[in-house]
Amino acid sequence: MKTDIRKRIQTDRLYCDGGTGTLLQAMGLPAGTAPELWNLTHPEKITALHAAYLDAGSNIINTNTFGVNRDKYENYEELIRAAFACAKKAAEGRRDAYIAFDIGPTGRLMEPLGDLAFEEAVDIFAANMRLADACGADLIFIETMNDSYETKAAVLAAKENTDLPVFVTTVFDGSGKLMTGADPAAMIALLEGMGVDAIGMNCSLGPEQMLGLVEQFAKNTSLPIIVNPNAGLPEVINGETVFTVEPEEFALCMEEIAKRGGCILGGCCGTTPAHIRRMREKTDPIPYAPPAKKNKTVVSSYTHAVAISRDPILIGERINPTGKPRLKEALRSADMSYLIHEGVRQADAGVQILDVNVGLPEIDEREMLQKAVVELQAVTDLPLQLDSSDPAALAAAMRIYNGKPLINSVNGEEESMNAVFPLVQKYGGTLIALTMDSAGIPATAPERLEIAERIARRAAAFGIEKKDLVVDPLALTVSADQNSALVTLESIRLLRENGFYTSLGVSNISFGLPARDKINSTFFSCAMENGLNCAIMNPFSAGMMDAWFAYRALHGLDPACSAYINYADQNHAPSEKPADPPSLTLHFAVVKGMKEEAAAAAAAALKSAAPLDVINGEIIPALNEIGEAFEQKKAYLPQLLMSAEAAGAAFDVIKAAMPAAAETGRTVVLATVQGDIHDIGKNIVRVLLESYGFKVYDLGRDVAPERVVDCALRRGCKLVGLSALMTTTVPAMAETIRLLHSADPGIRVLVGGAVLTPDYAETIHADYYAKDAMDSVRIAEQFYREQPE
Amino acid sequence: MISVQEIPAAKLQPEPGELAARLQTKRDVTVAGVQEAQAALEKAICCRFCWIKAPILRPAENTLDFGFGAFFSKDLTKNLDGCAEAFLFAVTLGLGVDRLLLRLAQVSQARHFITDALASALAEAACDQAEARIKGALSCKPRFSPGYGDLPLEMQKPLLNRLEARQRLGITLTQNLLMVPTKSITAIMGIYHENRHS
C-alpha cells in the first residue's frame, strides 16, 4: 500500500513527469492529432512514455487525458479508462508511482465573457472526476488552467465527487498573471480556501522565468508548491518553434527553484525524461521542507487578493437596501443596473471591498444575491463581502463567486455556526464573526472577546483557522447609550491584543443623531487608533474619506504621504468655477451631450420652474432638436447617444425633485430575442426611450418568449420592443410576437434590428417596424398619444 | 510550426474610413469621446497574432484542404487561384477589451458604442499590421476569413485548433462559433508563386 500522497508531500520532494505531445510526435503521432486518441489506438506507446518518465525518476505520472471531457468526446469514458490502463501498466510493480488523473481546461470560456455557464463547467468536470475515482486514481491533477473561474469549477467538481487529493497548477504569463487576470496571491487565496492539497504553476514559461513566481508562492502559501515549467521560452528557428533549454541548464534552474521553495517538480512542453532525470540528480541532495504555515488573512477577486492587516480596509456599504428606497425599488423590479452603478461608483471612490446585501422580505434573497454577485463580478475586480443572514443565500453566492469572499456573517449562536461554517469549509472564505449570541450583545468588552474566542474554537472543529475570522464587536448607537462607543473601542483593542482582526459597521454609531457624518468620521478615527482593520462605510462621505487618508498618513502607512496628497489635490483644490449659476442652458447641454453640465443646469432650472416644465420646456425640445438633426443626417449616432445620456443625467436630478405619482406612466418592455446575444442596438433604444421619459423594462439579451410575455402582463405594459441581429433568431422573434398577441390582443409589438425590413416585420406580424433608435421613440410617442388616458 | 508575435497597443491606429463606418458617421466628423475611448483601450489591449504557412490541396472542384479537413468554397477557391501555399493566421486584441466593454455596457451606452466601434477598427488595423509582418516581401492575395462569402463559419474551429490559438492567444469559440475575445480575426492569405510574381 502506497503512502497517501498528502502525507508524502510533508516529508519528501516529489517529481512529476514532463512533456507529452512533442514526445508522442517523435514516436509518430501526426501533428494536429490529439494525443489522447492514442490511448485506444497505440496504448503500448502511451505506456512506454509513462514508463520512460518513471525510469527517469518521476513519482507522479499524469494520465493521457488532458483534453478529454464529455463536451469534446462522446467516448470520453472509453478514452479515460484506456488512459488508466496505460498508466497502471507502466506503474505495475513499482513501489513509488502515483497515478494522477490529468485534467486540462475545457477549451471554452466561462460566462460572462464566454458562453460556458459555471454549473455546466462543474458538470463537465464532475463526469471526469467520478470516472477517475472509479478507475483508481491516486490523485486529481488539474493543470494548465488559465482562468480562475474555470479552475474553481474543476476543484469544486473534484471536491463534490471524490475524496482524492487535488493538485492544481495554473498558467501565468510573462506579466505573472493568468489569461483572465489572477495573480499568484489571488490563486493562492482561492485554492487554499477550497482546501486543495498542492498548488503551483505550469507551461508558458521556462524555469528561469518562473523563479520570481516561485518566490511569490513561497511567501504566500502554506501548501506544497508545484513547478512544471516548459523547456524554456519557445524560439523560432528556421520557421520551427522549439524549446531550447537542454536538460543540464533546465536542471540547474530547477535546483535554484528547489532551494527557493519548489516542492513538487516536473516539466511541461519540450521537457523529456532526460530533463527529469538530470533534475532529480541535481535536486535530490537539497534538504526538503514543505512551506511554513502562513497566517495571512486574505480575501480575493478574480484578479487580486486583499490582505487584512494593520492598514485599515474600506468596505463600501452602499449596496444595502436598508434606508434606500431607490435600491429597494430596483431590487423589487429585479433591475440590477442601480446596484451595478453603486458598485462601480464605490470602486471609483476608492473602497477595497464591496459589501453586497440584497435582503428584502418580499424577494427571493437566494436568487437575488447570486444574481448580484454575477453582475458585480462582471464589472468590478474588487473582492466582495457577501452579506446575508440567510445561509442558503450565502451558499448560492459563495458557490458562484470568482475568488475567496468575505462572508458577513456568523455569530455565537449554535444554529448560526452550524449553518455557516460548513459553507466556508466547502467554498472557502474569510468570515466576519459578530460578538453576539442567543443572549444578545454583551455589555462589556471582555464578554465580547469571550464570544469571539468561542466562535474561533467552534470554527477550528470545522477546520476553519482563526486567521480566517474577522471579528465585528458591533457598534451600537451612542444616542441610546453614551457608553456604547467606549465599549466598542475597548473591544477592538482587546480583540487585537488577543490576535483577532476586527471589522465594524461604522455608521451604526450615529443612528438617531443629526449630522451623522461628524460623529461617524470621528468615531472612525478613534476605532482606527484602537486597531480597527476593516470598516464597512460610506465612501461618498467626505468626512470618512478624510479620516481614512489622514490616519494612514499619520501612521506611516502612506509612503511619502503620496496617497494623501493626491486625495487632497483632487478633493480640496480651491474651486476655479465662479459661484454663479451655470452659464450653459440645459437645452444647450443636452444638445451637446454634456452630462455633468446637463445635471447642473437641471438643478439650476428647478429653482425657478416646476419639474414637468423643465422636462417639457427644456429637455424634450433639446432631444427633439438632436433627434431631428440625426434623422436629417446632420448629427450621428454617437452624438445622439451622448445627448440621450446628458438628458438622462438631467432627468435623474429632476426625478429626485418630483413626487413619484407625477411620473408619466409610459412604459415599454424591451428584449433582444432568444438565441441572439447582440444587444448594442437594443441598449441604444433603451437609452433614448429613457431620455424621453419612458419607463423601460429591459429584459436583456437572449430572452425566452415566455419571459417577455410574463413581464408585459405583470407590468400591464402594452408596448413591447424586440430586436434581432441575426437571421437565425428571427423565428424566435416571430414566436414571441405570436405569444404576446395571444396573451393580450391589446399589446403592440415594435421590432427592429439589422436583419429586419418593413416587409419582413409584416410577415412575422409585428405591429411596428423601427428603422433606427430615433424612429423607435417616435413610434412609442405616437402609441401613447393614441392611448386613452 | 506556429509563430507568435505582439503588436504594442500604442502602435495601433484606426483607419479613418473604417472608424467612421463603425461609428456610423462620416470620415470628416469628429466624435467627442473617441480620444477617451482610445486611451482606455490602449490600457486594455494585449494584441498578439500567430500564423503558419500551409500547402493548399485541392481534393475536388471548389474544395480546399489546408491540412485539417476539406472545405467547399467557390469564393475562396477563386481567391486562391494560382496559389500553392497560404498563410493562415489569427489576431486578437485580447480579453481585456471584452472586460472593458462589459463594464461600459453597464455604465454608459454612448461610451460603450464608441469604444466598441473603435475596438473593431483597431482589430482591423492590427490585422493589417500582422498581415504586413507575416508576408514580408512575398506577394499575397487579399486576406479571406471564415464567414466571408460562402466560406463556412464552421471552418473557424479546426482553423483555430491548427493555429493552437487557444493556447497561444487565448482565443476560444462559443457554441455559436463566435470568437472570444470578440475583437479577434482569423484569415487565410494565399501566396503567389514566386515565378508568377516576377
Side-chain angles (χ1 to χ4, degrees), chain A residues 31-32 34 105-109 112-116 144 146-147 171 173 175 179-181 203-204 234 236 239-242 269 336-337 340-341 343-344 375 378-381 592-595 633 635-646 675 677 679-680 683-684 686-688 726 728, chain B residues 1-6 20 23-26 29-34 37 46 50 52-53 67-69 94-114 116-117 157-158 160-162 164 166-176 178-182:
Chain A
T106 59
R108 290 168 62 193
L109 193 65
L113 297 175
D115 64 346
L116 180 58
T144 322
N146 48 21
D147 177 10
V171 183
D173 62 19
S175 67
M179 183 187 79
T180 51
C203 209
S204 179
V236 182
E240 299 252 324
T241 301
V242 287
C269 304
M336 303 308 279
S337 63
I340 292 164
H341 277 247
V344 170
E375 299 282 348
V379 298
T380 175
D381 64 358
K592 291 291 168 195
M594 299 155 88
K595 210 166 161 180
K633 307 228 181 306
Y636 297 93
L637 189 55
Q639 292 157 301
L640 185 62
L641 275 171
M642 298 223 263
S643 288
E645 287 195 356
I677 56 158
D679 62 353
I680 293 190
N683 292 343
I684 291 170
R686 184 189 76 210
V687 173
L688 275 185
M726 303 190 292
T728 48
Chain B
M1 281 295 281
I2 302 154
S3 307
V4 182
Q5 282 191 29
E6 281 190 41
L23 285 170
Q24 304 183 24
T25 62
K26 288 183 181 160
V29 174
T30 316
V31 174
V34 167
C46 171
C50 71
I52 59 168
K53 197 197 236 182
F68 48 82
L95 211 52
V97 175
D98 291 73
R99 281 259 173 226
L100 175 66
L101 290 172
L102 198 62
R103 186 180 146 101
L104 290 178
Q106 296 293 344
V107 174
S108 159
Q109 292 310 320
R111 286 171 64 198
H112 180 256
F113 176 77
I114 293 166
D116 187 82
K157 200 168 185 171
L160 289 169
N161 273 342
R162 180 65 188 88
E164 296 179 15
R166 195 189 71 75
Q167 298 90 317
R168 294 173 197 282
L169 308 180
I171 300 177
T172 59
L173 272 186
T174 68
Q175 308 260 306
N176 297 331
L178 302 175
M179 286 186 280
V180 188
T182 49

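Reckoned from all heavy atoms, side chains included, excluding hydrogens, waters and symmetry mates. Chain letters run A, B, ... following the sequence lines, proteins first and then strands; every chain starts at 1.
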Report task. Please report the shortest heavy-atom distance between L102(B) and A378(A), naming the atom on each side. Result -> CD2-O, 3.4 Å
Query raised in the report: What is the distance from atom CZ of F113(B) to atom CD1 of I684(A), rounded to the nearest 0.5 Å?
Result: 5.0 Å
**Report entry** Over all atoms of both residues, closest heavy-atom pair of G107(A) and T172(B)
**Finding:** O-CG2, 3.5 Å
Query - Engaged part of A117(B) at the chain A interface, taking heavy atoms whose separation is under 4.5 Å - result: neither
Query raised in the report: Partners of K595(A) by salt bridge (charged side-chain N to carboxylate O under 4.0 Å, His left out), sequence neighbours excluded?
Result: E645(A)
Requested in this report: Please name the pair of heavy atoms, one in P638(A) and one in V31(B), separated by the smallest distance, quoted to 0.1 Å.
Outcome: CB-CG1, 3.6 Å
Query raised in the report: Heavy-atom distance under 4.5 Å to chain B: side chain of N146(A), backbone, both or neither?
Result: side chain
Requested in this report: For each of R686(A), M179(A), Q639(A), R108(A), tally heavy-atom pairs with chain B at distances under 4.5 Å, and name the one with the top tally.
Outcome: R108(A)
Requested in this report: Check salt bridge (charged side-chain N to carboxylate O under 4.0 Å, His left out) between R166(B) and all other residues, then give those that pass, not counting sequence neighbours.
Outcome: none
Query - Rounded distance [0.5 Å steps], CD in Q167(B) versus OG1 in T144(A) - result: 9.5 Å
Query raised in the report: In terms of heavy-atom pairs under 4.5 Å with chain A, which of K26(B), Q109(B), Q24(B) leads?
Result: Q109(B)
Report summary line: When every non-hydrogen atom of D115(A) is compared with those of L173(B), the smallest separation belongs to OD1-O, 4.5 Å
Query raised in the report: When only pairs under 4.5 Å are counted, which of T174(B), V180(B), T182(B) shares the most heavy-atom pairs with chain A?
Result: T174(B)
Query raised in the report: Passes side-chain contact (heavy atoms from CB on, under 4.5 Å), M336(A) versus Q106(B)? Steps please.
Result: CA-CA 10 Å; M336(A) 303 308 279; Q106(B) 296 293 344; over 6 Å; no
Query - Contacting moiety of V107(B), where chain A heavy atoms sit under 4.5 Å - result: both
**Report entry** chain B contact via I340(A) - which portion, at a heavy-atom distance below 4.5 Å
**Finding:** side chain
Query raised in the report: What closest approach, in Å, do M642(A) and A110(B) show between heavy atoms, and which atom pair accounts for it?
Result: CG-CB, 3.8 Å
Requested in this report: Could you tell me the separation between the CZ atom of R111(B) and the CG atom of L641(A), rounded to the nearest 0.5 Å?
Outcome: 13.0 Å
Report summary line: Applying a strict 4.5 Å limit to non-hydrogen atoms, the region of L178(B) in contact with chain A is side chain
Report task. Go through P105(A), S643(A), A635(A) and name the one with the most non-hydrogen pairs under 4.5 angstrom from chain B. Result -> P105(A)
